[in-house]
Amino acid sequence: MLNLTGKNALVTGIANDRSIAWGIAQQLHKAGANLGITYLPDDRGRFEKKVSELVEPLNPSLFLPCDVQNDEQIQATFETIRDKWGRLDILIHCLAFANKDDLSGDFSKISKDGFNLALDVSAYSLIQLSAAAKPLMTEGGSIVTLTYLGGVRVVPNYNVMGIAKAALEMNVRYLASELGAQNVRVNGISAGPIRTLASSAVGGIRDMISHVEQVAPLRRTVTQLEVGNAAAFLCSDLASGITGQILYVDAGYEIMGMG
Ligand SMILES: NC(=O)c1ccc[n+]([C@@H]2O[C@H](COP(=O)([O-])OP(=O)(O)OC[C@H]3O[C@@H](n4cnc5c(N)ncnc54)[C@H](O)[C@@H]3O)[C@@H](O)[C@H]2O)c1
């Protein structure tokens with residue numbers, strides 16, 4: 001039985017009701033986890049109110065601002081977890097960012113600043129959040145991040161995010177190797193394309209989705225809740241022997257040699 005009762009889970013990356021992190025948060029809640037939710041704070045307050053209203057039915061016991069480019073906010077987030085929860089069991093890293101200019105057109109035009117930004121937010125952040133989580137995962141734990149096929153194959157327009165996802169997937173392996181000694185498992189979910197705020201910045205996302213719908217074995221793409229189910233599984237004792245892996249939740253698209 002998939003049961004996360006008594007587990008403290010921090011979920012990052014909810015922007016709205018299309019977010020993959022929202023699908024994950026709902027399934028972790030359904031499995032009984034106690035949730036902490038972070039949102040991206042900004043001067044325009046784009047997310048705080050919207051996300052707070054969205055997650056209310058899941059009764060999160062923590063709701064905190066956390067921009068992964070802000071070291072003080074990361075520190076404050078994990079200090080609050082230590083003070084309020086004492087222990088962390090689950091960390092969901094479900095965020096990424098790149099300039100729109102670097103998500104279409106010629107790959108070779110990616111700027112150094114655009115490269116650094118994408119890698120910092122989308123890949124380095126997993127290292128930083130895992131380092132902060134490590135001392136709090138005193139009874140073992142599970143860390144799950146979100147990746148995409150564009151990190152291992154060339155997908156038109158994915159460009160700088162492809163490099164970021166390649167780095168992220170390698171982070172999963174190195175972190176799994178280090179944290180396994182304290183029974184913390186680290187895995188990635190490689191999700192099929194889903195329409196979200198972040199994916200709308202990738203050039204030609206509609207074409208990518210309709211292509212997957214035509215050629216994936218299941219003849220469709222996946223939903224946020226299906227990704228959430230896989231995340232809940234990876235965070236549960238049912239996955240106690242699984243670490244350092246990338247699990248494809250993509251309606252089977254990854255196996256196809258000709259599309
Ligand atoms: N949508 C897809 O097709 C798809 C497929 C595979 C993987 N993914 C991955 O899933 C994850 C979630 O993306 P999504 O598609 O749900 O889009 P989304 O826009 O709903 O989520 C992206 C999140 O990243 C957050 N974020 C951006 N910069 C941040 C920062 N500096 N600090 C903290 N948070 C920040 C945003 O606030 C947002 O909540 C990403 O890693 C994305 O690459 C998405």
Side-chain angles (χ1 to χ4, degrees), residues 10-26 37-42 44-48 50-52 54-55 64-74 77 91-100 103 116-126 128-129 144-153 155 157-169 171-172 188-213 216 221-228 230-231 246-251 253-254:
L10 184 71
V11 179
T12 66
I14 301 179
N16 55 42
D17 64 359
R18 284 175 177 252
S19 295
I20 292 174
W22 171 234
I24 295 174
Q26 288 175 89
I37 305 287
T38 68
Y39 64 92
L40 177 62
D42 70 353
R44 289 184 286 155
R46 280 177 304 164
F47 301 116
E48 182 173 1
K50 209 165 42 176
V51 177
S52 144
L54 179 68
V55 301
L64 303 165
C66 187
D67 179 339
V68 295
Q69 292 198 285
N70 184 320
D71 292 352
E72 289 79 36
Q73 278 177 19
I74 293 178
T77 296
L91 169 64
I92 304 294
H93 175 274
C94 192
L95 56 94
F97 186 79
N99 287 328
K100 208 165 183 231
L103 295 168
N116 289 339
L117 175 67
L119 271 280
D120 182 30
V121 176
S122 317
Y124 181 69
S125 61
L126 178 66
Q128 210 172 4
L129 295 186
V144 173
T145 187
L146 266 293
T147 185
Y148 176 60
L149 184 64
V152 289
R153 310 251 174 80
V155 174
N157 298 316
Y158 203 60
N159 295 8
V160 76
M161 197 53 79
I163 318 169
K165 293 303 190 193
L168 182 73
E169 293 188 15
N171 287 346
V172 166
I189 293 175
S190 187
I194 300 175
R195 284 190 69 185
T196 62
L197 190 62
S199 71
S200 67
V202 180
I205 179 72
R206 279 177 186 216
D207 295 340
M208 278 161 71
I209 292 175
S210 65
H211 176 69
V212 167
E213 288 168 347
T221 188
V222 291
T223 67
Q224 290 86 339
L225 288 176
E226 286 179 306
V227 177
I246 304 298
L247 176 63
Y248 282 82
V249 180
D250 67 345
Y253 181 77
E254 185 263 345

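Ligands are counted one by one from 1 in listed order, and the atoms in each one are counted from 1 as well.
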Problem - Option with minimal heavy-atom separation from atom 34 (N) of ligand 1, where the choices are D67, D120, T145, L95 - result: L95

Practice task
Report yes if the side chains of Y148 and V155 come closer than 4.5 Å at any heavy-atom pair, otherwise no.
Solution key: yes

Exercise for the section: Enumerate the atoms of ligand 1 whose separation from the nearest heavy atom of T196 is less than 4.0 angstrom. Expected result: 1 (N), 14 (P), 15 (O), 16 (O), 17 (O)

Problem - Test item, M161 contacting ligand 1 (heavy atom, 4.0 angstrom) - result: no

Problem - T223 backbone acceptor or donor facing E226 side chain under 3.5 Å - result: yes

Problem - For atom 7 (C) of ligand 1, closest protein heavy-atom neighbour - result: T147 O, 3.0 Å

Handout entry: Check: F97 main-chain N/O paired with S122 side-chain donor or acceptor under 3.5 Å
Key = yes

Problem - Heavy-atom donor-acceptor pair, K165 side chain to L146 backbone, under 3.5 Å - result: yes

Exercise for the section: Classify the contact between K165 and ligand 1 as side chain, backbone, both or neither, using a heavy-atom distance cut-off of under 4.0 Å. Expected result: side chain

Problem - Side-chain (T221) to main-chain (I194) donor-acceptor, under 3.5 angstrom - result: no

Practice task
Mark up the atoms of ligand 1 that fall under 4.0 Å of a heavy atom belonging to S19, in ascending order.
Solution key: 16 (O), 18 (P), 20 (O)

Handout entry: atom 4 (C) of ligand 1 [closest protein heavy-atom partner, distance rounded to 0.1 Å]
Key = I20 CD1, 3.8 Å

Handout entry: Side chain T12, main chain I92, donor-acceptor under 3.5 Å
Key = yes

Exercise for the section: With heavy atoms of A15 as the reference, note each atom of ligand 1 found under 4.0 Å away. Expected result: 38 (C), 39 (O)

Problem - Numbering as shown, the atoms of ligand 1 that approach P193 to under 4.0 Å (heavy-atom distance) - result: 3 (O)

Problem - Proximal atoms of ligand 1 relative to G192 (non-hydrogen, under 4.0 Å) - result: 3 (O), 5 (C)

Problem - Any side-chain heavy-atom pair of S199 and M208 under 4.5 Å - result: no

Problem - Side-chain (Q69) to main-chain (V121) donor-acceptor, under 3.5 angstrom - result: no

Practice task
Among all protein heavy atoms, pick out the one at the shortest distance from atom 33 (C) of ligand 1; state its residue, atom name and that distance to 0.1 Å.
Solution key: C66 O, 3.3 Å

Completion exercise
Note: T38, heavy atoms under 4.0 Å from ligand 1, region reported as neither

Fill in the blank from the handout: For A25 and V11 the tightest heavy-atom approach is CB-CG1, 4.3 Å

Handout entry: Distance from atom 23 (C) of ligand 1 to nearest protein heavy atom, with residue and atom
Key = G13 O, 3.6 Å

Completion exercise
atom 10 (O) of ligand 1 has as its nearest protein heavy atom L146 CB, 3.5 Å

Practice task
Among all protein heavy atoms, pick out the one at the shortest distance from atom 12 (C) of ligand 1; state its residue, atom name and that distance to 0.1 Å.
Solution key: C94 O, 3.3 Å

Practice task
Work out whether the distance between some heavy atom of S190 and some atom of ligand 1 is less than 4.0 Å.
Solution key: no

Problem - Protein heavy-atom partner closest to atom 1 (N) of ligand 1 - residue, atom, separation in Å - result: I194 O, 2.9 Å

Problem - A198-ligand 1 polar pair, N/O distance under 3.5 Å - result: yes

Problem - ligand 1 N/O within reach of N16 N/O, cut-off under 3.5 Å - result: no

Exercise for the section: May I ask you to test the V68-L95 pair for a side-chain heavy-atom distance under 4.5 Å? Expected result: yes

Handout entry: Side chains of L10 and L129 in contact at under 4.5 Å (non-hydrogen atoms)
Key = no

Handout entry: Any donor-acceptor N or O pair under 3.5 Å, side chains D71, Q128
Key = yes

Practice task
Taking N171 for its side chain and A123 for its backbone only, find out whether a donor-acceptor pair lies under 3.5 Å.
Solution key: yes

Handout entry: Protein contact to atom 36 (C) of ligand 1 [nearest heavy atom, distance to 0.1 Å]
Key = L40 CD2, 4.4 Å

Practice task
Give the numbers and elements of all ligand 1 atoms closer than 4.0 Å to a heavy atom of L197.
Solution key: 19 (O)

